[in-house]
K.L.:
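If you scroll down you'll find the structure; I have some questions about it.
All values below were derived from every heavy atom in this structure, side-chain atoms included, with hydrogens, water molecules and symmetry-related copies excluded. Just so it is clear: chains get the letters A, B, ... in the order the sequence lines come, proteins before strands, and each one is counted from 1.
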There are 2 protein chains.
Amino acid sequence: MGISKELIIQTSIAILNKSGIENLTMRTLAKELDIKAASLYWHIKNKQDLLDLLAEEICAPITMENRLRDTEKAIFSFCQMYRESLLKVRNAVQVLMESAPNTPHRLELIQHGLKLIRTWGVSDANCYAAMNMINNYVLAFVDDEARFSRLGVEELTTVVRHMGMEFSDFDKQFRYGISVLLAGFCAVQ
Amino acid sequence: MGISKELIIQTSIAILNKSGIENLTMRTLAKELDIKAASLYWHIKNKQDLLDLLAEEICAPITMENRLRDTEKAIFSFCQMYRESLLKVRNAVQVLMESAPNTPHRLELIQHGLKLIRTWGVSDANCYAAMNMINNYVLAFVDDEARFSRLGVEELTTVVRHMGMEFSDFDKQFRYGISVLLAGFCAVQ
DNA sequence: ACCTGAACACCGTTCAAGT
DNA sequence: ACCTGAACACCGTTCAAGT
């Protein structure tokens with residue numbers, strides 16, 4: 001069995017999880033695949049192309065079930081899925097931020113998010129801004145969450161002392177932000 | 001007159017504004033200063049040190065005047081100053097994001113922001129999360145704003161058509177987001 | 001169709017050596 | 001005190017050449 005795009009993606013994600021994005025290079029990727037860096041260019045256009053593929057792969061687990069009649073619950077569960085998908089791959093946030101959401105699945109997700117926000121009562125004029133706010137909130141939150149989870153115990157206690165913050169429950173903090181945004185959307189028209 | 005830290009900072013910002021962050025390298029910076037890259041290490045520790053200095057310089061124009069009795073107005077004007085400071089330097093957002101807010105002025109800004117948010121009525125338990133939300137909102141907004149302002153006319157009309165969005169008035173959009181956050185903070189306790 | 005060697009044009013950083 | 005030459009260990013990418 002030879003090198004396939006799928007294998008390249010899975011190997012890249014393995015490298016991300018093991019060594020982080022700063023060690024995902026065309027050379028390390030090639031080495032892991034037992035080929036030379038130059039050979040990668042037969043399968044993918046360039047590194048940006050690889051990042052786009054990874055972004056799409058990272059977002060793949062996010063589904064768009066429409067079973068929830070309660071719009072608020074639907075938005076919460078959508079954001080929660082988004083968050084969980086990002087947490088599954090180390091540096092997922094950086095990968096998404098280095099690639100434009102032009103890929104099919106990510107475009108679908110945006111459409112779905114917009115629909116939810118419209119249903120929540122945000123006007124046409126504001127729904128793109130609202131969508132951006134939610135998207136940026138989730139990305140920034142997960143970025144922090146992932147960074148915290150990689151801190152040593154001593155740094156953690158330093159941070160806690162300095163900020164006087166309990167972050168034992170990331171879930172609660174996450175829901176707080178979403179609640180703020182949803183309440184804010186309702187209040188401002 | 002020799003090379004000073006201040007000259008290095010100003011030259012770096014000139015390079016940012018002319019060529020963007022991807023062209024701010026130790027080599028281009030040295031060339032602009034008429035020295036060799038190795039010489040830079042006499043004046044600054046490394047590139048991360050440079051980015052920290054730049055982040056502090058970018059945030060320098062943000063003042064913390066306390067003259068406004070109206071908390072809402074104070075927060076709006078604080079965010080507006082933040083935004084304007086970021087817009088003055090190309091890729092300012094990326095610079096801030098690549099450096100931790102450990103420098104004196106940035107720490108002061110955080111303290112001031114927290115105070116405003118507390119005054120606005122956010123609880124101790126939530127004020128760090130709220131502060132993060134505002135900070136991330138401004139950064140993401142300016143990142144978009146700066147990106148849009150660098151788009152050509154043809155891409156702009158494409159985006160407008162696709163999103164059905166008017167972005168003639170960035171100010172209005174910016175204030176919308178801040179309003180959402182402030183209203184949300186009040187509504188969720 | 002798929003892979004490689006070798007090169008090109010870059011990075012950040014170090015360090016002995018110069019003045 | 002300040003600067004440089006030269007090197008080291010990297011990057012992404014291209015392309016003629018191999019099979």
Side-chain angles (χ1 to χ4, degrees), chain A residues 1-58 90-92 94-100 102-103, chain B residues 1-58 90-92 94-100 102-103:
Chain A
M1 49 115 232
I3 309 291
S4 65
K5 232 167 202 177
E6 190 52 33
L7 183 59
I8 288 177
I9 293 170
Q10 293 310 324
T11 307
S12 298
I13 287 178
I15 292 173
L16 281 179
N17 285 329
K18 204 199 304 171
S19 320
I21 197 170
E22 71 274 15
N23 291 306
L24 176 61
T25 70
M26 300 303 267
R27 285 171 158 87
T28 59
L29 175 54
K31 177 158 276 179
E32 203 72 21
L33 290 164
D34 264 315
I35 56 177
K36 303 295 165 184
S39 313
L40 283 170
Y41 290 84
W42 178 261
H43 303 279
I44 59 178
K45 234 176 80 219
N46 48 36
K47 188 164 187 188
Q48 185 59 60
D49 187 29
L50 175 65
L51 289 170
D52 294 345
L53 290 169
L54 291 177
E56 189 78 344
E57 178 74 14
I58 287 165
R90 166 132 78 124
N91 296 131
Q94 287 85 337
V95 172
L96 286 240
M97 278 173 42
E98 294 202 358
S99 95
N102 292 326
T103 40
Chain B
M1 49 116 231
I3 308 291
S4 65
K5 234 170 200 174
E6 189 52 34
L7 182 58
I8 288 177
I9 293 171
Q10 293 310 323
T11 306
S12 297
I13 287 179
I15 292 173
L16 281 179
N17 285 330
K18 204 199 304 170
S19 320
I21 197 169
E22 71 273 16
N23 291 306
L24 176 61
T25 69
M26 299 304 267
R27 285 170 160 85
T28 61
L29 175 55
K31 176 157 278 178
E32 202 72 22
L33 289 164
D34 264 315
I35 54 176
K36 303 294 164 186
S39 313
L40 283 170
Y41 290 84
W42 179 262
H43 303 278
I44 59 178
K45 235 177 78 217
N46 48 36
K47 189 164 187 187
Q48 185 59 59
D49 186 30
L50 175 64
L51 289 171
D52 294 345
L53 291 169
L54 290 178
E56 189 77 343
E57 178 73 15
I58 287 165
R90 167 131 81 122
N91 295 132
Q94 287 84 338
V95 172
L96 286 239
M97 279 173 40
E98 295 203 359
S99 94
N102 292 327
T103 40

K.L.:
What closest approach, in Å, do A:Ile44 and A:Met26 show between heavy atoms, and which atom pair accounts for it?
P.N.:
CD1-CE, 4.0 Å
K.L.:
In this structure, how many angstroms lie between the P atom of D:dC11 and the CD1 atom of A:Ile15, rounded?
P.N.:
11 Å
K.L.:
I need the CG-C1' distance between A:Asp34 and C:dC2, as an integer number of Å.
P.N.:
15 Å
K.L.:
Nearest 0.5 angstrom please: A:Ile9 CD1 to A:Leu53 CG, how far?
P.N.:
4.5 Å
K.L.:
Can you tell me which stems involve DNA chain D, if a stem is defined as three or more consecutive Watson-Crick or G-U wobble pairs, both distances under 3.5 Å?
P.N.:
C:4-8 with D:12-16, C:12-16 with D:4-8
K.L.:
Quickly work out the B:Glu22 CD to C:dA9 C1' distance and round it to whole Å.
P.N.:
16 Å
K.L.:
How many angstroms lie between atom CG of A:Asp49 and atom CG of A:Leu54, to the nearest 0.5 angstrom?
P.N.:
9.5 Å
K.L.:
Could you state the atom-to-atom distance from NZ of B:Lys31 to P of D:dC3 in whole Å?
P.N.:
17 Å
K.L.:
A:Lys36 NZ to D:dG12 P: how many Å, rounded?
P.N.:
16 Å
K.L.:
Please give me every residue in residues 38-57 of chain A whose heavy atoms get under 4.0 Å of an atom in DNA chain C, ordered by residue number.
P.N.:
A:Ala38, A:Ser39, A:Trp42, A:His43
K.L.:
The criterion is side-chain hydrogen bond (donor to acceptor under 3.5 Å, both in side chains); which residues satisfy it with A:Thr25, sequence neighbours excluded?
P.N.:
A:Thr28
K.L.:
Out of C:dC11, D:dT13, C:dT4, which nucleotide sits closest to the side chain of A:Ile35?
P.N.:
C:dT4
K.L.:
Can you confirm whether A:Leu40 sits close enough to A:Leu33 that some side-chain heavy atom of one is under 4.5 Å from a side-chain heavy atom of the other?
P.N.:
yes
K.L.:
Rounding to an integer number of Å, can you tell me how far A:Arg27 CZ sits from C:dC8 C1'?
P.N.:
11 Å
K.L.:
For B:Ala55 versus B:Ser99, what's the shortest heavy-atom pair and its separation?
P.N.:
CB-OG, 3.2 Å
K.L.:
Write down the atom of B:Thr103, the atom of B:Asp52, and the distance for their closest heavy-atom approach.
P.N.:
CG2-O, 4.3 Å
K.L.:
A:Glu98 side chain to A:Gln48 main-chain N or O, any donor-acceptor pair under 3.5 Å?
P.N.:
no
K.L.:
Would you kindly give the CG-to-P distance between B:Leu29 and C:dT13, to the nearest whole Å?
P.N.:
12 Å
K.L.:
Does B:Asn102 offer a backbone N or O that forms a donor-acceptor pair with the side chain of B:Glu56 under 3.5 Å?
P.N.:
no
